[in-house]
2 protein chains.
Amino acid sequence: MFSIGDLSRRTGVKVPTIRYYEQMGLVAAPERSEGNQRRYSRQELERLAFIRHARDLGFAVDDIRSLIDLSGHPEQPCGHADKIAEEQLISVREKIAQLKRLEAELERIATCCNGQTVGDCYVIRALSDHALCADEHG
Amino acid sequence: MFSIGDLSRRTGVKVPTIRYYEQMGLVAAPERSEGNQRRYSRQELERLAFIRHARDLGFAVDDIRSLIDLSGHPEQPCGHADKIAEEQLISVREKIAQLKRLEAELERIATCCNGQTVGDCYVIRALSDHALCADEHG
DNA sequence: TATAATTGCTCTAGTCACTAGAGCTTCAAG
DNA sequence: CTTGAAGCTCTAGTGACTAGAGCAATTATA
């Protein structure tokens with residue numbers, strides 16, 4: 001049996017976050033000690049590790065809920081789980097592409113400032129005048 | 001003079017967001033018409049375009065506030081503006097690196113599922129067992 | 001000019017995924 | 001048996017908006 005602090009140390013999920021997940025129904029409410037403190041089993045530790053891992057990978061809490069539901073039905077086809085993972089992959093790739101455009105733009109902005117005062121600072125001018133942008137972003 | 005809707009169309013910032021920016025003190029409260037509707041000048045249009053541009057580039061609202069303050073003092077040295085832009089560039093690069101790790105992990109997860117049922121689905125197993133990960137993430 | 005459609009107003013509350021703090025109780029070590 | 005860490009519940013705050021209710025003003029059309 002683990003206390004909530006044990007669980008936190010073993011999974012890297014912060015204590016208030018574990019309680020929040022319980023409130024959201026992502027993890028079930030565990031047994032309690034005589035003094036009303038949460039006591040977790042190994043199974044609950046594993047579920048929390050699953051959640052932590054999925055969150056690290058950027059899955060939304062709703063997606064995680066679906067994945068947990070699916071893992072409770074091991075006899076069903078896994079197309080849905082695949083779909084969730086693939087959509088997540090697409091969204092990650094889109095974010096990377098978007099951030100690369102920002103990187104290029106910021107590189108230009110942050111490295112071109114040779115002015116001595118704000119009045120002719122490239123950072124400020126570039127933000128004021130979209131026309132100074134090499135290409136579209138946002 | 002522009003109505004709030006004009007401003008929205010010209011800058012791409014949604015109407016409620018403009019009002020929210022006013023509440024946050026990012027844009028000043030403008031003149032009002034006889035019937036209490038907001039009426040903006042060209043200067044205010046430009047400031048909002050500046051904000052929009054900076055938000056597109058991922059600057060936090062607090063950073064934008066600093067940049068606006070700076071642009072109101074064109075005689076001062078621009079080191080601070082440079083610093084904000086450079087920090088933003090670093091943070092964007094970190095996000096890209098992080099997302100690339102996620103991409104690699106998700107690729108492995110999403111493309112390796114040859115099982116027919118959830119029971120042996122790679123997506124579910126990979127999330128359950130961090131040991132299946134090729135390298136660290138998160 | 002009358003009316004209808006659109007746009008605008010304020011205000012409250014909701015989103016997501018937590019995080020912080022107050023004020024109290026229980027637990028484990030010495 | 002005491003002390004200090006860890007736990008409890010509850011409310012409220014974060015960032016950057018977004019949604020909706022219930023009105024008022026403006027603009028376009030007949």
Side-chain angles (χ1 to χ4, degrees), chain A residues 1-27 29-40 44-45 48 50-68 84 87-88 91-92 95 98 102 138, chain B residues 1-27 29-40 44-45 48 50-68 84 87-88 91-92 95 98 102 138:
Chain A
M1 283 301 176
F2 309 102
S3 74
I4 197 168
D6 292 338
L7 217 66
S8 172
R9 273 182 294 280
R10 281 160 193 265
T11 60
V13 179
K14 287 184 192 154
V15 168
T17 305
I18 297 174
R19 289 197 277 248
Y20 164 79
Y21 284 163
E22 182 181 323
Q23 228 186 312
M24 295 298 102
L26 257 192
V27 297
E31 285 178 52
R32 296 289 182 126
S33 74
E34 302 241 322
N36 199 35
Q37 298 195 352
R38 290 169 178 81
R39 291 294 175 262
Y40 296 92
E44 283 158 322
L45 173 75
L48 192 60
F50 178 107
I51 293 169
R52 171 72 210 263
H53 193 174
R55 285 293 302 139
D56 278 351
L57 291 172
F59 287 89
V61 165
D62 270 359
D63 286 341
I64 296 175
R65 222 188 298 271
S66 299
L67 290 170
I68 287 173
I84 290 170
E87 277 170 5
Q88 180 59 19
S91 130
V92 165
K95 278 184 201 145
Q98 165 76 356
L102 297 193
Chain B
M1 284 301 179
F2 309 102
S3 72
I4 197 168
D6 292 338
L7 219 64
S8 173
R9 273 182 294 279
R10 280 160 192 266
T11 61
V13 179
K14 287 183 193 156
V15 168
T17 305
I18 298 173
R19 289 198 278 248
Y20 164 79
Y21 285 162
E22 182 181 322
Q23 227 185 313
M24 295 299 101
L26 212 50
V27 297
E31 286 177 51
R32 298 289 182 124
S33 72
E34 301 238 322
N36 198 37
Q37 299 194 352
R38 290 168 178 81
R39 291 293 176 264
Y40 295 92
E44 284 158 321
L45 172 75
L48 192 61
F50 178 108
I51 292 168
R52 171 73 210 260
H53 193 175
R55 285 292 304 139
D56 278 351
L57 291 171
F59 287 90
V61 165
D62 269 359
D63 287 339
I64 296 175
R65 224 188 297 270
S66 299
L67 290 170
I68 288 174
I84 290 171
E87 277 169 7
Q88 179 60 18
S91 129
V92 165
K95 277 184 202 145
Q98 165 76 357
L102 297 194

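Proteins come first, then strands; the chains are lettered A, B, ... in the order of their sequence lines, and each starts at number 1.
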(message) If you define the side chain from C-beta out and look only at heavy atoms, does anything of B/V13 sit under 4.5 Å from B/Y21?
(response) yes
(message) Quick one, A/I51 and A/T11 - any side-chain contact, counting heavy atoms below 4.5 Å?
(response) no
Distances for protein N or O near nucleotides 16-18 of chain D N or O, under 3.5 Å:
| residue | atom | partner | partner atom | Å |
| --- | --- | --- | --- | --- |
| D/dA16 | N7 | B/Y20 | OH | 3.4 |
| D/dC17 | OP2 | B/Y21 | OH | 2.7 |
| D/dC17 | OP2 | B/R55 | NE | 2.9 |
| D/dT18 | OP2 | B/T17 | OG1 | 3.2 |

(request) Heavy atoms only: give me the nearest B/S8-B/K14 pair and the separation to one decimal. (result) OG-CA, 3.8 Å
(message) Taking only side-chain N and O atoms of B/S3, does any of them lie within less than 4.0 angstrom of OP1 or OP2 on D/dT26?
(response) no
(request) Look at the side chain of A/R10 and the backbone N and O of A/L45, then say whether any donor-acceptor pair between them is shorter than 3.5 Å. (result) no
(request) To the nearest Å, give me how far apart CD (A/E22) and P (C/dA17) are. (result) 18 Å
(message) Just the rounded figure in Å: distance from P of C/dC27 to CE of A/M1.
(response) 15 Å
(request) To the nearest Å, give me how far apart CZ (B/F2) and P (D/dT26) are. (result) 18 Å
(request) Starting from P on C/dT6, measure out to CG on B/D6 and report it in whole angstrom. (result) 17 Å
(message) With rounding to the nearest 0.5 angstrom, report the CZ to CG distance, B/F50 to B/L67.
(response) 5.0 Å
(request) With A/L7 as reference, evaluate A/I18, A/V15, A/V27 under the side chain to side chain contact (heavy atoms under 4.5 Å, CB included) test and give the passing residue. (result) A/I18
(request) Of all the heavy-atom pairs spanning A/R39 and A/P30, show the shortest one and how long it is. (result) O-CB, 3.6 Å
(request) Please tell me if the side chains of B/R32 and B/R38 come closer than 4.5 Å, counting only heavy atoms from C-beta onward. (result) yes
(request) In whole angstrom, give the distance that lies between atom CZ of B/R9 and atom P of C/dT6. (result) 13 Å
(request) Calculate the interatomic distance between B/L26 atom CG and D/dG15 atom C1'; express it in whole Å. (result) 13 Å
(request) Please report, rounded to the nearest Å, how far the P atom of D/dT27 is from the CD atom of B/E34. (result) 12 Å
(message) Could you tell me if the side chain of B/S33 sits less than 4.5 Å from the side chain of B/M1, heavy atoms only?
(response) no
(request) Starting from C1' on D/dG15, measure out to CE on B/M24 and report it in whole angstrom. (result) 10 Å
Close N/O contacts between protein and nucleotides 9-15 of chain C (under 3.5 Å):
| residue | atom | partner | partner atom | Å |
| --- | --- | --- | --- | --- |
| C/dC9 | OP1 | B/R38 | N | 2.8 |
| C/dC9 | OP1 | B/R38 | NH1 | 2.9 |
| C/dC9 | OP2 | B/R19 | NH1 | 2.3 |
| C/dC9 | OP2 | B/R38 | NH1 | 3.4 |
| C/dC9 | O5' | B/R38 | NH1 | 3.4 |
| C/dC9 | O3' | B/R32 | NH1 | 3.4 |
| C/dT10 | OP1 | B/R32 | NH1 | 3.4 |
| C/dT10 | OP1 | B/R32 | NH2 | 3.2 |
| C/dT10 | OP2 | B/R38 | NH1 | 3.0 |
| C/dT10 | OP2 | B/R38 | NH2 | 3.0 |

